[in-house]
Amino acid sequence: MLQNALTIADLKARARRRVPKMFFDYADSGAWTEGTYRANEEDFAKILLRQRVLVDMTDRTLASEMIGEPVSMPVAIAPTGLTGMQHADGEILGAQAAEAFGIPFTLSTMSICSIEDIAANTTKPFWFQLYVMRDRAFIESLIGRARAAGCSALVLTLDLQILGQRHKDLRNGLSAPPKFTPKHVWQMATRPFWCLDMARTKRRTFGNIVGHAQNVGDLSSLSSWTAEQFDPRLSWEDVKWIRELWGGKLILKGILDPEDAKMAVGSGADAIIVSNHGGRQLDGARSSIAALPLVKQAVGDEIEVHMDGGIRSGQDVLKAIALGAKGVYIGRPFLYGLGAGGRDGVTRALEILKRELDITMALCGRRDIRTIGPEILDREPRLEDLRV
Ligand code: GLV
């Protein structure tokens with residue numbers, strides 16, 4: 001029963017039982033030793049909150065804004081690849097849950113459901129995440145499709161021009177659609193609800209790409225396809241080109257270093273996302289929450305700062321807001337909710353985070369998320385306490 005899930009960890013356990021191993025592992029993995037993946041979560045636990053008492057706790061609000069858009073809480077759904085393999089039509093279900101909850105949904109370039117699928121099944125604008133490929137005509141067409149679909153922001157990923165090595169994916173022989181070797185068939189056969197739902201949809205491969213891009217090689221293997229297609233020369237000049245081509249709100253995802261953050265201020269982007277790609281790219285990089293105060297110190301209020309990586313509770317959301325993020329993104333908590341129970345599972349994940357965020361804010365003696373700053377922390381985290 002989804003209602004029995006009280007934490008994101010409960011949803012993760014349920015997703016593990018319902019999603020074939022290769023796809024569950026794709027979500028639950030980091031690069032190489034997974035040290036940065038673990039640090040993203042563990043560093044949050046080192047940040048302490050101040051308990052305040054005898055303050056009025058009535059009329060609390062979590063409503064805020066991200067890039068000028070109203071949000072019912074400052075949490076957006078992160079772009080995640082292969083989401084329609086965690087659950088049939090996963091991106092549509094996620095976008096619908098986010099829309100009903102009043103938070104942004106970001107569709108990945110490497111999604112199973114296409115930009116047009118999401119537009120046809122939602123009523124409010126969503127955000128689109130872009131990977132830049134060598135084929136610039138294809139990038140232009142992707143940007144045009146996002147515009148035609150009414151997307152209200154473009155999220156440009158900067159930290160994945162070369163794919164970090166995730167051992168689990170290589171060992172599992174991950175692909176979309178899945179292969180039909182005995183190992184893969186066994187993984188699927190032991191997840192009958194997943195199979196039933198998947199049998200009812202036609203969306204089983206990369207919907208933004210198949211049938212749209214020219215000269216596409218073997219797309220089913222993400223690692224060989226990124227190596228073949230993604231542009232490893234992506235530069236600040238390209239960011240400018242994309243900003244002009246898009247002409248709308250632009251968010252730069254994957255900034256971890258204060259020097260890069262300063263460069264982003266001059267790029268004309270509307271926001272940056274402090275991110276190490278969920279620990280899936282440069283293993284050994286510092287955690288996102290450790291990077292956040294350094295980036296914030298470097299850019300001040302010159303650009304809106306968001307973060308992702310390691311958020312597993314509403315308490316984590318509050319800590320990130322206290323350290324200067326205007327909003328955060330959830331990737332794995334979203335996927336665990338989706339794998340656990342489709343659209344209702346995503347809604348459950350959002351409810352869990354919202355409740356934890358609300359109660360924590362109240363016990364810190366505060367009523368309005370928009371006024372939260374470092375003063376709610378027991379002391380500002382020292383860098384040496386975090387994993388650097
Ligand atoms: C793609 O974005 C991935 O991290 O696998």
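When a ligand or atom number is given, it counts from 1 through the structure's own listing order.
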Colleague: Which ligand 1 atoms does His277 reach within 4.0 Å, using its non-hydrogen atoms?
Modeller: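 This gives 1 (C), 2 (O), 3 (C), 4 (O) as the contact atoms.
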Colleague: Any atoms of ligand 1 less than 4.0 Å from a non-hydrogen atom of Tyr26? List them with their elements.
Modeller: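 Heavy-atom distances to Tyr26 below 4.0 Å select 1 (C), 3 (C), 5 (O).
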Colleague: Does Lys183 have more than 12 heavy atoms from other residues, nucleotides or ligands lying within 6.0 Å of its NZ?
Modeller: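 Yes.
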Colleague: Around atom 3 (C) of ligand 1, find the nearest protein heavy atom and jot down its residue, atom name and distance.
Modeller: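 In this structure, atom 3 (C) of ligand 1 has Arg166 NH1, 3.1 Å as its nearest protein heavy atom.
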Colleague: Starting from atom 4 (O) of ligand 1, what is the nearest protein heavy atom, named by residue and atom, and what distance separates them?
Modeller: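 Protein heavy atom at minimum distance: Arg280 NE, 2.8 Å.
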Colleague: Does anything in residues 146-174 pair up under salt bridge (charged side-chain N to carboxylate O under 4.0 Å, His left out), and if so which pairs, sequence neighbours excluded?
Modeller: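 For residues 146-174: Glu34-Lys168.
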Colleague: Classify the ring geometry of Phe230 against Tyr131: parallel below 30°, tilted from 30° to 60°, perpendicular beyond 60°.
Modeller: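 Tilted, since the angle between the ring planes falls between 30° and 60°.
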Colleague: Can a salt bridge be assigned to the pair Arg60 and Asp358 using a cut-off of 4.0 Å between side-chain N and carboxylate O?
Modeller: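 A salt bridge links Arg60 with Asp358.
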Colleague: Find out whether the Lys NZ or Arg CZ of Arg280 is both under 6.0 angstrom from the six-membered ring centre of Tyr26 and within 45° of the ring's axis.
Modeller: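 Output yes; distance and angle both within limits.
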Colleague: Considering only the protein, which heavy-atom contact is closest to atom 2 (O) of ligand 1, and what is its distance?
Modeller: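 Among all protein heavy atoms, the one nearest atom 2 (O) of ligand 1 is Tyr131 OH, 2.5 Å.
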